[in-house]
Amino acid sequence: MPSRLTPTTGARSSASDTTPAFAPMPEFSARLIAWQRQHGRHDLPWQNTRDPYRIWLSEIMLQQTQVSTVIPYYAKFLARFPDVAALAAAPSDDVMALWAGLGYYTRARNLHRCAQVVVEQHGGAFPASVDQLAELPGIGRSTAAAIASFAFGARATILDGNVKRVLARVFGVEGFPGEKKVENAMWTLAESLLPSNASNAELSGYTQGLMDLGATLCVRGKPHCSRCPFAPDCVANVTGRQRELPTARPKKTVPTRRTWMLLLRDGNAVMLERRPPSGIWGGLWSLPEAADEASLAERARAFGGDGEVSALASFSHVFTHFKLDIEPRLAEFDRGVGALAALNDADTAWVALSDLDSFGVPAPVRKLLASLHGSLL
DNA sequence: TAGACGTGGGT
DNA sequence: TACCCAAGTCT
């Protein structure tokens with residue numbers, strides 16, 4: 001029986017609800033499972049295991065982050081924290097230091113908290129249900145489904161960027177998927193596509209297939225439709241609208257902020273300051289900042305310097321939602337290495353440039369310090 | 001609910 | 001170069 005792939009507009013009960021309902025494709029899951037078995041990815045570092053800890057760790061790292069970026073971090077974490085108990089027992093600063101450079105640092109704080117909750121409230125074993133998983137810090141609806149599916153063979157759908165792209169194209173879902181209304185429609189569609197009578201292994205393969213199809217064939221730029229199992233039925237392929245689906249995010253001009261950073265140096269050591277727990281780079285160690293040149297000089301004096309600062313090359317760092325112009329200023333300090341440690345407190349640390357790896361430092365700040373380290377050698 | 005929240009890779 | 005955005009969650 002050929003399936004209907006066009007939107008059945010106006011099929012909803014409410015007349016004011018203009019969201020099109022999409023007819024399910026009965027053989028969608030079977031086709032996807034078969035494709036995944038033969039053409040999907042089977043050798044990623046977090047595959048070929050049912051260990052919820054390893055699966056959970058990978059899923060958190062993979063949130064908004066590409067596979068190639070995650071791989072080295074995943075290896076580092078697993079080597080240092082082989083199980084959830086080891087992670088739960090670690091000092092927060094160690095977790096942040098290991099996460100530094102991966103971005104979205106709330107994930108690291110939630111990762112640590114989640115490990116502690118699993119140990120203290122679940123006896124060290126991750127819960128098997130989607131609902132219980134979704135109650136844990138840092139685990140939302142999609143990640144809960146991924147963990148439950150991979151670790152326990154649960155019947156639950158993910159809805160990540162891959163799935164949104166696949167659904168938008170195959171079923172012709174219009175509208176920016178970041179918009180709540182569109183996302184809700186996609187959740188409903190994704191739920192309707194889940195296989196009804198599948199084994200645990202098939203359900204894991206189905207979930208992996210959704211990700212693999214989006215990541216390897218149904219890619220953003222130029223999808224490889226000739227190899228896709230859904231090509232004959234895909235709305236985007238049939239109508240040549242691969243470039244228009246999914247609907248792009250509305251353009252917005254990103255504002256620019258400016259900050260002055262104090263590079264207080266004493267010999268081979270620099271002073272780091274702990275950032276507040278929330279906001280950009282929350283909980284990381286960075287350079288002391290000020291909103292203008294004069295305030296920075298004032299801070300340098302407060303730390304015991306003579307107020308003389310020299311300009312280093314300015315640079316900018318682009319975030320998703322704003323651009324940050326950074327004005328680094330160098331101030332020399334001369335107390336001698338032995339006296340520096342006595343100046344440290346919970347939020348201040350004099351650190352040897354060679355020891356930066358043991359602190360969680362934002363990527364652009366790390367680069368700035370690395371260039372200084374290089375120039376001192 | 002829309003905005004905050006990083007970084008690096010692809011085009 | 002500049003722009004887009006990736007295995008999303010939280011508030």
Side-chain angles (χ1 to χ4, degrees), chain A residues 40-41 44-47 55-74 96 99-111 113-114 133-150 157-166 168 176-184 186-187 190 204 207-216 218-223 243 246-255 257 275-284 286 316-324 360-367:
Chain A
R41 297 172 294 184
L44 294 169
W46 39 85
Q47 291 184 301
I55 291 163
W56 162 72
L57 178 62
S58 73
E59 290 302 330
I60 301 301
M61 289 185 166
L62 286 161
Q63 288 169 0
Q64 298 286 282
T65 310
Q66 296 180 349
V67 167
S68 58
T69 302
V70 165
I71 287 175
Y73 285 88
Y74 181 75
M96 298 309 290
W99 194 277
L102 198 51
Y104 284 145
Y105 298 99
T106 300
R107 291 186 296 171
R109 292 212 165 290
N110 284 334
L111 184 87
R113 281 205 296 139
C114 182
L133 284 166
E135 287 176 16
L136 295 168
I139 302 181
R141 183 174 175 182
S142 185
T143 299
I147 297 169
S149 170
F150 292 142
T157 191
I158 58 168
L159 187 63
D160 60 14
N162 288 312
V163 184
K164 287 174 178 173
R165 192 165 53 253
V166 168
F176 172 52
E179 192 182 332
K180 198 64 185 173
K181 185 181 73 176
V182 178
E183 187 177 354
N184 286 341
M186 286 188 164
W187 272 113
S204 299
T207 301
Q208 189 64 50
L210 284 175
M211 294 173 169
D212 290 351
L213 193 70
T216 66
C218 198
V219 293
R220 183 163 66 95
K222 190 178 166 66
R243 220 164 47 94
T247 305
R249 170 190 304 276
K251 287 187 205 300
K252 269 180 300 186
T253 56
V254 297
R257 303 180 196 170
R275 296 184 61 86
S278 63
I280 203 78
W281 297 331
L284 269 65
S286 188
S316 60
H317 184 74
V318 181
F319 296 92
T320 307
H321 49 305
F322 67 93
K323 180 158 107 53
L324 185 64
V361 178
V365 177
R366 179 173 297 269
K367 285 173 194 161

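Protein chains get the first letters and strands the later ones, always in sequence-line order, with residue 1 at the start of each.
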Just how far, in rounded Å, is [atom2] of [N] from [atom1] of [X]?
X        : N     : atom1 : atom2 : answer
A:Arg107 : B:dC5 : CZ    : C1'   : 10 Å
A:Met61  : C:dT9 : CE    : C1'   : 17 Å
A:Ile60  : B:dG6 : CD1   : P     : 15 Å
A:Tyr105 : B:dA4 : OH    : C1'   : 15 Å
A:Trp56  : C:dG8 : CH2   : C1'   : 16 Å
A:Trp281 : B:dT7 : CH2   : P     : 6 Å
A:Gln47  : C:dA7 : CD    : C1'   : 11 Å
A:Asn110 : B:dG6 : CG    : P     : 12 Å

Q: Could you work out the separation of B:dT1 and C:dA7 based on their P atoms and round it to a whole Å?
A: 25 Å

Touch class at under 4.0 angstrom, heavy-atom based, for [X] against every strand present:
X        : result
A:Leu102 : base
A:Val70  : nothing
A:Gly214 : nothing
A:Lys323 : nothing
A:Gly178 : nothing
A:Ile55  : nothing

Q | side-chain hydrogen bond (donor to acceptor under 3.5 Å, both in side chains) partners for A:Asp212, two or more places apart | A | A:Gln36, A:Arg41, A:Gln208

(Q) By nearest atom, which of the nucleotides C:dA7, B:dC5, C:dT9 is closest to the A:Met211 side chain? (A) C:dA7

Q: Over 60° means perpendicular and under 30° means parallel, so classify the ring planes of A:Tyr74 and A:Trp46, tilted if in between.
A: perpendicular

Tabulated below should be each protein N or O lying under 3.5 Å from an N or O of nucleotides 2-6 of chain C; please produce it.
unit_1, atom_1, unit_2, atom_2, d
C:dC4, OP1, A:Lys251, NZ, 2.7
C:dC4, O2, A:Arg220, NH2, 3.2

Q: Name the residue closer to the 5' end of DNA chain B, choosing between A:Gln63 and A:Gly221 according to the nucleotide with the nearest heavy atom.
A: A:Gln63

Q. If you look only at pairs with a residue in residues 275-284 of chain A, which of them pass as a salt bridge (Lys or Arg N to Asp or Glu O under 4.0 Å), with sequence neighbours excluded?
A. A:Arg275-A:Glu289

Q) Does B:dC5 have OP1 or OP2 sitting under 4.0 Å from an N or O in the side chain of A:His321? A) yes

Q) Quick one: do the A:Arg107 and A:Asn110 side chains pair a donor with an acceptor below 3.5 Å? A) no

